[in-house]
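In what follows, every heavy atom counts, from backbone to side chain, and hydrogens, waters and symmetry copies are set aside. Since the model is a prediction, treat every value here as computed from it, not as a measurement. Note that the numbering runs from 1 along the sequence shown for the chain.
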Amino acid sequence: MSVRESHPALEPGRIGELRTANRLVVAPMTRVSATPDGTATPEMAAYYTEFARGGFGLVITEGVYTDSAYSQGYLNQPGLVSARHMGAWREVTDGVHEAGGLIVAQLMHAGALSQGNPHRDGTAGPSAVKPRGAMMPEYGGSGPWPVPEEMDSADIEEAVAGFVASAVNARDAGFDGVEVHAANGYLLDQFLTDYTNLREDSYGGPVAARVRLAAEVVEAIRAEVGPDWCVGVRLSQTKVNDFHYRWPGGARDGEVIFAALADAGATYLHIASEGRDWIESAQLEGGLTITGQARRVAGLPVIANGGMHDAELSAQVLGDGHADFVSVARAALVNADLPRRLAEGGALERFDHGLLEPTVTLDNARRRAAGARV
């Protein structure tokens, strides 16, 4: 596809105090390639640095677990809990910065969707509701999800404290910011979702109460890191275990959610599509789009996700004011230099799903790529 150099995604951008070379973002992608104790590896450092060398203005890491209690979602998921974790992530952040990029750590608590956690035998969530669907084999899981234990006030306080401590660890490890994962069916999204949150306390009931925990996490991190450091939030309607869910109140829910997170001190909002194109997942009633509404209500930079490797779609999303940045996931795996290809009008390599089969690990992708060259 031929693309003009004036494509809006190639223009410099700003997220809070961060100035990006362009508006192209690498979306979080789980790779479960850390050591068993959650330490990032040299291979991971090379993986993230490649995106910066390829010209992406911002790189967001895979979800990083936030405590040694219930947060870990997968075996070999990286953490930001220990000094060892921080030292290994410093190698990653240094590599990205030396390549001219910026990098944000996504902070994730899996909650009821944990399928590999050596710290706890069971799972915890807002209510004792069995998650829909089944565990994901490409991430090392199998069989049905267990019924989580309903979190009490101490569990909630522990989860919030974990987010805060890991955010401070991220800052000290050289990250340019954090992204609070409140999307895709994980803990904060479980509190936001009506059918997984049956609580009758101040965290349950109307959407203003169900978004409370996500807002408290953002507010607590902001209080610790100060007013200027980047604290983003990722949201979605769809989930890894429920592609069809939509906020029951539609745009009315969006008004409440986006305002609450902006008031809590978020720097940006990242709206995920969970495997769907933006066109399919972003539409709201009355001709609104979820990203456009987030931009209007929150008054913050918004990152749109879902098929944004398509030059015409990303130009439309940015040009028509639906978002300020676009994030790319799977297409970035085979086009780490996508920004340069976009500027030069070069064709993109097609994504090979075999890179994620039977597992999503970096080792599997490397062996798959080596086999294709033989």
Side-chain angles (χ1 to χ4, degrees), residues 15-18 25-28 30 34 38-40 44 48 58-73 77-94 96-97 101-111 119 155-184 186-189 191-192 211-235 260-270 272 298 300-301 303:
I15 299 179
E17 298 300 310
L18 299 180
V25 180
V26 177
T30 300
T39 303
M44 291 170 61
Y48 285 115
L58 178 65
V59 178
I60 305 175
T61 73
E62 62 205 282
V64 179
Y65 69 83
T66 55
D67 60 45
S68 297
Y70 288 106
S71 70
Q72 186 169 346
Q77 179 185 6
L80 256 171
V81 176
S82 69
R84 181 178 172 85
H85 292 163
M86 293 167 63
W89 278 117
R90 172 62 75 172
E91 298 298 316
V92 178
T93 60
D94 284 350
V96 169
H97 292 152
L102 298 170
I103 183 167
V104 162
Q106 187 188 69
L107 305 182
M108 170 184 158
H109 191 305
H119 305 291
D155 294 324
I156 291 173
E157 290 173 5
E158 183 176 46
V160 173
F163 273 105
V164 174
S166 59
V168 172
N169 287 345
R171 182 190 61 188
D172 293 346
F175 282 99
D176 299 293
V178 293
E179 178 176 279
V180 174
H181 198 351
N184 305 126
Y186 297 108
L187 180 70
L188 300 183
D189 188 38
F191 270 82
L192 184 56
V211 76
R212 177 183 169 192
L213 182 57
E216 285 185 353
V217 167
V218 173
E219 187 173 21
I221 292 174
R222 175 62 66 210
E224 192 67 28
V225 301
D228 298 328
W229 202 60
C230 180
V231 182
V233 182
R234 197 176 209 216
L235 296 161
L261 295 170
D263 290 345
T267 307
Y268 71 82
L269 300 178
H270 185 182
L300 301 172
I303 304 172

Practice item. Determine, stepwise, if the pair Val160 / Leu213 fulfils side chain to side chain contact (heavy atoms under 4.5 Å, CB included). Key: CA-CA 8 Å; Val160 173; Leu213 182 57; 3.7 Å; yes
Any heavy-atom pair between the side chains of [Y] and [X] that's under 4.5 Å?
X	Y	result
Val217	Leu107	no
Tyr70	Leu187	no
Glu219	Asp263	no
Val25	Tyr268	no
Phe175	Met86	no
Cys230	Ile15	yes
Pro28	His270	yes
Asp189	His181	no

Please find the pair of heavy atoms, one from [X] and one from [Y], that lie closest to each other, and give the distance.
X	Y	result
Gly63	Gln77	O-NE2, 3.0 Å
Trp229	Val178	CH2-CG1, 3.7 Å
Val218	Ala264	CG1-O, 3.8 Å
Val104	Glu179	CG1-N, 3.5 Å
Tyr65	Ser71	CB-OG, 3.6 Å
Ala105	Thr61	CA-OG1, 3.4 Å

Exercise for review: Would you tell me whether Tyr48 and Glu62 have side-chain atoms, one donor and one acceptor, within less than 3.5 Å of each other?
Suggested key: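 Indeed, the side chains of Tyr48 and Glu62 share at least one donor-acceptor pair under 3.5 Å.
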Review point. Does any donor atom in the side chain of Asp67 or His119 lie under 3.5 Å from an acceptor atom in the other side chain?
Key: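 No, no side-chain donor-acceptor pair sits under 3.5 Å.
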Nearest 0.5 Å please: distance from the [atom1] atom of [X] over to the [atom2] atom of [Y].
X	Y	atom1	atom2	result
Ile156	Glu216	CD1	CD	8.0 Å
Thr66	Leu80	OG1	CG	9.5 Å
Asn169	Trp89	CG	CH2	12.5 Å
Arg234	Ile303	CZ	CD1	8.5 Å
Thr39	Arg84	OG1	CZ	4.0 Å
Arg171	Asp176	CZ	CG	13.0 Å

Practice item. Sequence neighbours left out, what passes salt bridge (charged side-chain N to carboxylate O under 4.0 Å, His left out) with Glu158? Give chain and number order. Key: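 Glu158 satisfies salt bridge (charged side-chain N to carboxylate O under 4.0 Å, His left out) with no residue once adjacent residues are dropped.
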Exercise for review: Look at the side chain of Thr93 and the backbone N and O of Ala173, then say whether any donor-acceptor pair between them is shorter than 3.5 Å.
Suggested key: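 Judged by distance alone, yes, a pair lies under 3.5 Å.
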